[in-house]
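See below for the structure under consideration.
Each ligand, and each atom within it, is numbered from 1 in the order the structure gives.
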Amino acid sequence: MKNPGKMIQFFNTLSGKKEPFHSIQAKKVRLYTCGPTVYDYAHIGNFRAYIFEDLLKRFLLFKGYKVKHVMNITDVDDKTIKKADHEGVSLKQVTDKYIRAFFADIDTLNILRADLYPKATEHIPEMAHMVKALVEKGYAYKKNGSYYFDISKFKDYGKLAKIDRDELKTGERVESDEYDKKNAHDFALWKDKKPGEPFWETEIGPGRPGWHIECSVMSTKYLGQPIDIHCGGVDNIFPHHENEIAQSETYADKKLAHFWLHCHHLIVEGSKMSKSKGNQYTLRDLADQGIDPLVIRYLLLSTHYRKMVNYSDKTLKQSQSSLERIRSFLYELKTRSFAEGENPEVKKWIQDTEKKFTDSLSDDLNISLALTSLFELIREINKLMANQELYHNDVRAVQSSFEKWDQVLGILPKEDEDQLEASIKEKIDQRNKARKEKNYDLADQIRDELLEKGIILEDTKDGVRWKKK
Ligand code: AMP
Ligand code: ZN
């Protein structure tokens with residue numbers, strides 16, 4: 001194999017160290033990422049998690065893996081029910097609205113879509129069935145119509161969050177889906193029907209699922225068990241992922257996932273962005289301020305996933321200027337004219353950059369180093385450009401490399417057909433004006449620039465037409 005590059009390594013929360021990554025099936029990755037609870041617009045802290053997962057997935061695709069990606073949508077839980085109640089509308093009215101908003105936002109942020117987005121409400125019988133199986137195996141029990149997982153029975157309980165088993169409060173129960181490590185208790189798998197709350201009639205009785213069971217059911221149903229990688233934010237480690245492990249590994253007698261990857265939080269001036277702190281921004285808030293969504297993407301992407309990202313005016317400006325540097329460099333390449341030929345140095349620079357870029361990402365997604373390698377290349381190419389040592393073929397090679405690397409980064413705007421058409425039309429207008437003013441040199445220059453981009457102009461009796469070379 002030609003230059004395979006560095007071996008991929010990821011930091012596995014389960015082992016607490018970096019490990020070489022090997023997929024279970026050759027060149028195929030089964031990836032599960034915990035998705036949104038659709039009771040409100042997602043804030044950009046949530047997108048920190050989704051963009052880290054997007055980088056992971058894009059990098060695996062870049063390295064030639066086929067990735068099957070499933071992300072659940074939590075459309076019934078304490079928070080969605082509370083919101084519907086508060087607004088006096090049905091649960092579905094609330095969740096449909098925020099599901100639509102979620103998809104619009106991930107498209108705006110250039111996040112690749114998952115293969116499947118299963119919803120909790122569409123898997124109720126399967127969840128009830130898993131609960132029943134856990135009871136039959138002796139790991140779960142019923143109390144006042146609700147079902148709980150008995151954490152004392154699962155000897156590995158705490159292996160992900162590193163909880164000391166002696167500190168476990170067994171026999172005590174916790175109703176709420178979210179609680180801290182110090183309060184590790186038997187957790188709710190299924191909640192009894194309550195007045196005013198939606199419920200489903202199932203083989204284990206009426207009620208609704210706890211939050212954790214949906215991920216165990218959907219992960220196994222759509223990806224099998226074990227899977228290669230399971231992701232989320234660090235706040236998912238406990239209790240959500242710990243409880244998923246307890247449920248799934250008891251149910252199937254197999255590991256749930258080989259790798260557990262968690263990103264650190266987005267913070268605003270030192271504290272976690274969250275609804276309860278009132279310091280959250282949605283993508284819409286930022287778009288209203290005229291901020292380019294790809295600058296937000298860059299900001300969320302460019303800090304290593306295991307470090308905190310700080311959202312502030314300063315980091316926003318830094319991201320804006322870094323992205324601008326890449327874009328204006330590419331704009332220069334696109335719009336300037338270059339002499340025919342090539343400079344052998346450029347090929348070498350591109351190869352070195354490609355190696356640094358992929359080796360950095362192979363090392364637990366070291367995005368900072370990967371981006372640095374691109375800026376180094378930009379600096380070198382700019383020098384050549386200034387000295388007139390950059391030629392037509394070099395430009396093509398640099399452009400296509402950036403296009404390739406952007407498959408991983410997703411930070412460059414796609415020039416779609418409409419945009420292309422508009423920019424050609426603008427050039428034709430400029431050329432017509434130049435000709436009217438008898439500035440034939442400028443007119444010819446515009447024609448040549450378009451030709452460089454593969455656009456041929458034809459002067460016909462009905463005016464100027466264009467076609468692709
Ligand atoms: P939720 O909708 O609250 O279940 O969260 C969806 C995802 O966003 C989970 O993976 C969380 O870990 C993640 N998340 C929530 N808040 C933040 C934050 N401030 N920074 C990074 N990730 C977050
Ligand atoms: Zn989950």
Side-chain angles (χ1 to χ4, degrees), residues 13 31-56 69-80 82-83 94-95 98-99 101-102 105-106 109 111 114 117-120 123 127 160-161 176-178 187 209-223 227 229-248 256-257 260-283 296 299-301 303-311 315:
T13 309
L31 171 69
Y32 187 93
T33 60
C34 290
T37 306
V38 280
Y39 70 110
D40 205 342
Y41 295 110
H43 59 68
I44 60 163
N46 300 126
F47 290 118
R48 154 68 162 162
Y50 306 144
I51 284 179
F52 137 65
E53 290 152 0
D54 190 49
L55 174 67
L56 169 69
H69 177 200
V70 175
M71 177 183 259
N72 65 304
I73 291 185
T74 304
D75 61 349
V76 56
D77 80 323
D78 300 346
K79 291 187 269 194
T80 42
K82 204 166 141 199
K83 179 85 174 220
V94 167
T95 57
Y98 295 113
I99 288 171
F102 167 73
D105 287 353
I106 58 170
L109 284 170
I111 294 174
Y117 289 97
K119 294 180 193 151
H123 297 78
M127 287 192 246
L160 187 74
S176 155
D177 290 326
E178 289 177 80
F187 61 90
W211 172 36
H212 316 296
I213 196 82
E214 70 182 67
C215 288
S216 285
V217 164
M218 295 180 198
S219 168
T220 295
K221 175 169 179 182
Y222 296 107
L223 296 171
I227 62 164
I229 310 177
H230 195 123
C231 296
V234 282
D235 58 330
N236 287 153
I237 298 174
F238 191 85
H240 187 50
H241 289 165
E242 193 69 61
N243 293 351
E244 280 184 35
I245 289 177
Q247 296 163 159
S248 296
L256 171 53
W260 290 85
L261 270 61
H262 295 98
C263 70
H264 221 305
H265 283 138
L266 174 83
I267 53 167
V268 187
E269 313 294 353
S271 63
K272 184 190 163 194
M273 180 176 285
S274 70
K275 285 211 78 179
S276 52
K277 293 211 175 77
N279 65 355
Q280 58 147 6
Y281 300 98
T282 66
L283 195 58
I296 310 286
L299 190 154
L300 299 176
L301 182 84
T303 299
H304 187 259
Y305 76 94
R306 287 195 292 118
K307 291 196 181 128
M308 283 200 226
V309 189
N310 192 11
Y311 182 84
T315 53

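For ligand 1, the polar-atom distance check finds an N/O of M273 within less than 3.5 Å of one of the ligand's N/O atoms. In terms of polar-atom proximity, defined here as any N/O pair under 3.5 Å, D235 does make such a contact with ligand 1. The shortest N or O to N or O distance between L266 and ligand 1 is under 3.5 Å. Among the atoms of N236, some N or O lies under 3.5 angstrom from an N or O of ligand 1.
Taking both residues in full, the closest heavy atoms of K272 and N279 are given as O-ND2, 3.2 Å, listed atom of the first, atom of the second, then distance. Across all non-hydrogen atoms, the minimal contact from I44 to I296 is CG2-CG2, 4.2 Å.
Side chain of E53 to backbone of T33: no donor-acceptor contact under 3.5 angstrom is found. K83 places a side-chain N or O within donor-acceptor distance of the main-chain N or O of Y39, the cut-off being under 3.5 Å. Looking only at distances, a side-chain donor or acceptor of N72 sits under 3.5 Å from a matching main-chain atom of G35. A donor-acceptor pair under 3.5 Å is absent between the side-chain atoms of D40 and the main chain of Y98, judged by distance alone. Judged purely by atom type and a 3.5 angstrom limit, E242 uses its side chain to pair as donor or acceptor with the backbone of A161.
Of all the atoms in ligand 1, the ones that sit under 4.0 Å from a non-hydrogen atom of K272 are 16 (N), 19 (N).
The aromatic rings of Y32 and H230 lie tilted to each other, with the angle between the two planes from 30° to 60°. Between W260 and H241, the ring planes lie tilted relative to each other; the angle falls in the 30° to 60° range. Using a 30° and 60° split on the angle between ring planes, Y311 and Y281 fall in the tilted class, from 30° to 60°.
Selection from H265, R48, H240 by nearest heavy atom to atom 18 (C) of ligand 1 gives H265. Of the candidates C263, C231, G45, G232, G45 brings a heavy atom nearest to atom 22 (N) of ligand 1.
Shown here are the side chain to side chain donor-acceptor pair (under 3.5 Å) partners of K221, two or more places apart in sequence or in another chain: E126.
Distance NE2/H212 to NE2/H240: 7.0 Å, rounded to 0.5 Å.
K79 NZ, 4.0 Å is the protein heavy atom nearest to atom 3 (O) of ligand 1. Protein heavy atom closest to atom 8 (O) of ligand 1, with residue, atom name and distance, is N46 ND2, 3.0 Å. From the protein, the heavy atom lying nearest to atom 1 (P) of ligand 1 is T37 OG1, 4.0 Å. Here the heavy atom of the protein found nearest to atom 7 (C) of ligand 1 is Y50 OH, 3.7 Å. The protein heavy atom nearest to atom 16 (N) of ligand 1 is H43 CE1, 3.5 Å.
Here the Zn ion (ligand 2) has protein N, O or S atoms under 2.8 Å from it, and they come to 4.
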